[in-house]
Amino acid sequence: MTDAAALPGQPRGGVLSGPATERAVNVLAPNASAMTLDGTNTWIVAEPDSALAVVIDPGPLDEGHLRNVVDTAERAGKRIALTLLTHGHPDHAEGAARFAELTGTRVRALDPALRLGDEGLAAGNVVSVGGLELRVVPTPGHTADSLSFHLPADRAVLTGDTVLGRGTTVVAHPDGRLGDYLDSLRRLRSLTVDDGVHTVLPGHGPVLEDAQGAVEFYLAHRAHRLAQVETAVENGHRTAAEVVAHVYYDVDRSLWPAAELSVRAQLDYLSEHGLI
């Protein structure tokens, strides 16, 4: 068995649902798959002494899960006052409208099409509810509308799909762009270096105890994959499908369609920079 401390980001073992930091509790959605890992992490975030809470990513349109999120908050003496989205993929956002009905909350997101209410989210915004402070960090790349939320009081960052608790994420071409994604990883690294962030609360998978190690691993992984793709093209593998078969030969084939999205993003990046 591999020691978790030796893995990138030092993933926390044990049950995924439940308290993760002083202010953040995870309610795991029942939508496990190869792409969603154990399922979507729906985060309830609140000050310990406050009766108000924020929910980040209600998850899929699953009535049982949505009601479980409400019940979990209520058992802790919290009323959900606001819903936030890290991005618009269905496994994170499909249940948001129904969740808003159940809780009477607004839904704030970067994409206007996902919002319920007049307020969106943008770089530099600070979301304050019941004494809780969440700082909006733009992290496009996985998708164009991807956001992360910095939770200074817990020295944590909620990353959606930008950084996962296990494995690496997809740059979802054409909406996702590799150059944006690399910039976002560097932005997250600066949070770990300059702002003392040490915990990643991801959209899927376990909590990571070493945020800087996780981000450094992601940057190194992307550099390695990009070099592999460039070499594959130089060796005559011209299409995304050909590159995937050559570079991702050791990856479960069920994940090849997702890998092809990332490869298309990498090919675009290499072309834009005159490298192929």
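In this text, all values refer to a predicted model and were calculated from it rather than measured experimentally.
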Inset, instruction - Give a yes or no on whether the backbone of A259 and the side-chain of S262 come within a donor-acceptor separation of less than 3.5 Å. - result: no
Inset, instruction - For the residue pair D57 and H87, confirm or rule out a side-chain donor-acceptor distance under 3.5 Å. - result: no
Legend entry - Rounded distance (nearest 0.5 Å) linking atom CD of E101 with atom CG of L66: 10.0 Å
Legend entry - Donor-acceptor contact present, side-chain N125 to main-chain A122, <3.5 Å: yes
Inset, instruction - Output the distance between atom CD (Q212) and atom CG (L188), rounded to the nearest 0.5 Å. - result: 12.0 Å
Legend entry - Intermediate values then yes/no, salt bridge (charged side-chain N to carboxylate O under 4.0 Å, His left out), E22 and R155: CA-CA 10 Å; E22 187 177 4; R155 298 172 63 194; over 6 Å; no
Legend entry - Donor on one side chain, acceptor on other, T42 and H65, under 3.5 Å: yes
Inset, instruction - Output all residues satisfying side-chain contact (heavy atoms from CB on, under 4.5 Å) with R253, sequence neighbours left out; order by chain, then residue number. - result: W256
Inset, instruction - Might you work through the side chain to side chain contact (heavy atoms under 4.5 Å, CB included) test for L151 and L132, ending with a clear yes or no? - result: CA-CA 9 Å; L151 178 55; L132 179 76; 3.7 Å; yes
Inset, instruction - For the pair H246 and H237, name the ring-plane relationship: parallel under 30°, tilted 30 to 60°, perpendicular over 60°. - result: parallel
Inset, instruction - Just do the side chain to side chain contact (heavy atoms under 4.5 Å, CB included) check on V157 and L201 with the steps written out, would you? - result: CA-CA 6 Å; V157 61; L201 305 176; over 6 Å; no
Show me the side-chain donor-acceptor pairs of residues 165-172 shorter than 3.5 Å, one per line, residues at least two apart or across chains.
from : atom 1 : to   : atom 2 : distance (Å)
R166 : NH1    : D38  : OD2    : 3.3
R166 : NH2    : D38  : OD2    : 3.3
T169 : OG1    : D161 : O      : 2.7

Legend entry - Carboxylate-amine/guanidinium proximity below 4.0 Å for E119 and R115: no
Inset, instruction - Could you grab the distance from atom OG1 of T40 to atom CG of D62, nearest 0.5 Å is fine? - result: 10.5 Å
Legend entry - Salt bridge E47-R23, side-chain N to carboxylate O under 4.0 Å: yes
Inset, instruction - Examine distances only and state if a side-chain atom of N26 and a backbone atom of L16 form a donor-acceptor pair shorter than 3.5 Å. - result: yes
Inset, instruction - Using the rule that two of Ile, Leu, Val, Met, Phe, Trp, Tyr join whenever any of their side-chain heavy atoms come within less than 4.5 Å, decide whether V163 and L178 are in one cluster. - result: yes
Inset, instruction - Would you indicate whether the side-chain heavy atoms of H150 and V197 approach each other to under 4.5 Å? - result: yes
Legend entry - Shared hydrophobic cluster for L164 and L261 (ILVMFWY, side-chain gaps under 4.5 Å): yes
Legend entry - Check: Y269 main-chain N/O paired with H273 side-chain donor or acceptor under 3.5 Å: yes
Inset, instruction - Nearest 0.5 Å please: distance from the CZ atom of F149 over to the CD1 atom of I56. - result: 5.5 Å
Inset, instruction - Check whether any side-chain heavy atom of H92 lies under 4.5 Å from a side-chain heavy atom of L85, and answer yes or no. - result: no
Inset, instruction - Kindly indicate, with the supporting measurements, whether the criterion salt bridge (charged side-chain N to carboxylate O under 4.0 Å, His left out) is fulfilled by R238 and E242. - result: CA-CA 7 Å; R238 297 295 178 181; E242 289 171 348; over 6 Å; no
Inset, instruction - Please answer whether the main-chain N or O of S50 pairs with a side-chain N or O of K78 as donor and acceptor at a distance below 3.5 Å. - result: yes
Inset, instruction - Could you please spell out the steps behind the salt bridge (charged side-chain N to carboxylate O under 4.0 Å, His left out) verdict for R79 and E74? - result: CA-CA 6 Å; R79 177 176 67 82; E74 290 181 346; over 6 Å; no
Legend entry - D252 side chain to S254 backbone, donor-acceptor under 3.5 Å: yes
Inset, instruction - Mind checking the CG-CG spacing from L185 to D180? Nearest 0.5 Å is all I need. - result: 11.0 Å
Inset, instruction - Please report the shortest heavy-atom distance between P138 and P140, naming the atom on each side. - result: C-CD, 3.4 Å
Legend entry - N31 and D91: CA distance, side-chain angles, deciding distance, side chain to side chain donor-acceptor pair (under 3.5 Å) verdict: CA-CA 8 Å; N31 61 333; D91 57 314; 5.1 Å; no
Legend entry - Minimum-distance pair of heavy atoms, taken over all atoms of T139 and L147: OG1-C, 3.3 Å
Inset, instruction - Could you check if a side-chain atom of Y248 sits within less than 4.5 angstrom of a side-chain atom of V263, using non-hydrogen atoms only? - result: yes
Inset, instruction - Inspect the contact between R264 and E260 and indicate whether a charged nitrogen and a carboxylate oxygen are less than 4.0 angstrom apart. - result: yes
Legend entry - Evaluation steps, side chain to side chain donor-acceptor pair (under 3.5 Å), between D268 and H173: CA-CA 9 Å; D268 279 0; H173 180 275; 2.9 Å; yes
Legend entry - T103 side chain vs F99 backbone, donor-acceptor pair below 3.5 Å: yes
Legend entry - Distance-minimising heavy-atom pair for G88 and L114: CA-CD1, 3.4 Å
Inset, instruction - Determine, for E230 against R225, whether the closest basic-nitrogen to carboxylate-oxygen distance falls under 4.0 angstrom. - result: no
Inset, instruction - For the residue pair M35 and L255, establish whether any side-chain heavy-atom pair is separated by less than 4.5 Å. - result: yes
Legend entry - L158 side chain reached by S148 side chain, heavy atoms, under 4.5 Å: no
Inset, instruction - Establish whether V129 and V107 are linked, either directly or via other cluster members, by ILVMFWY side-chain heavy-atom contacts under 4.5 Å. - result: no
Legend entry - Closest non-hydrogen atom pair, Q228 against V247: OE1-CG1, 3.5 Å
Legend entry - Same apolar cluster (I L V M F W Y, side chains within < 4.5 Å links), V229/V251: yes
Inset, instruction - Check whether any side-chain heavy atom of P58 lies under 4.5 Å from a side-chain heavy atom of T83, and answer yes or no. - result: yes
Inset, instruction - Kindly indicate whether the side chain of V136, heavy atoms from C-beta on, has any atom under 4.5 Å from the side chain of V126. - result: no
Inset, instruction - Locate the shortest heavy-atom distance separating V207 from A20; write the atom from each residue and the value. - result: CG2-CB, 3.8 Å
Inset, instruction - Find out whether R222 and Y181 are in side-chain contact, i.e. whether some heavy atom of one side chain is under 4.5 Å from a heavy atom of the other. - result: yes
Legend entry - From CD1 (I276) to CG (L270), nearest 0.5 Å: 5.0 Å
Legend entry - Expected output: side-chain N41 to main-chain L28 donor-acceptor under 3.5 Å: no
Inset, instruction - State whether the side chain of T159 and the backbone N or O of T162 hold a donor-acceptor pair below 3.5 Å, judged by distance alone. - result: no
Inset, instruction - Kindly indicate, with the supporting measurements, whether the criterion side chain to side chain contact (heavy atoms under 4.5 Å, CB included) is fulfilled by W43 and V25. - result: CA-CA 6 Å; W43 292 102; V25 174; 5.9 Å; no
Inset, instruction - Check the pair L208 / T199 against side chain to side chain contact (heavy atoms under 4.5 Å, CB included), numbers first and verdict last. - result: CA-CA 6 Å; L208 298 177; T199 303; over 6 Å; no
Legend entry - Considering all heavy atoms, the nearest S190-R187 contact: OG-O, 2.6 Å
Inset, instruction - Verify, without hydrogens or angle tests, whether R12 (side chain) and P206 (backbone) share a donor-acceptor contact under 3.5 angstrom. - result: no
Inset, instruction - Answer yes if V127 and L110 sit in the same cluster of Ile, Leu, Val, Met, Phe, Trp and Tyr residues linked by side chain heavy atoms under 4.5 Å apart, and no otherwise. - result: yes
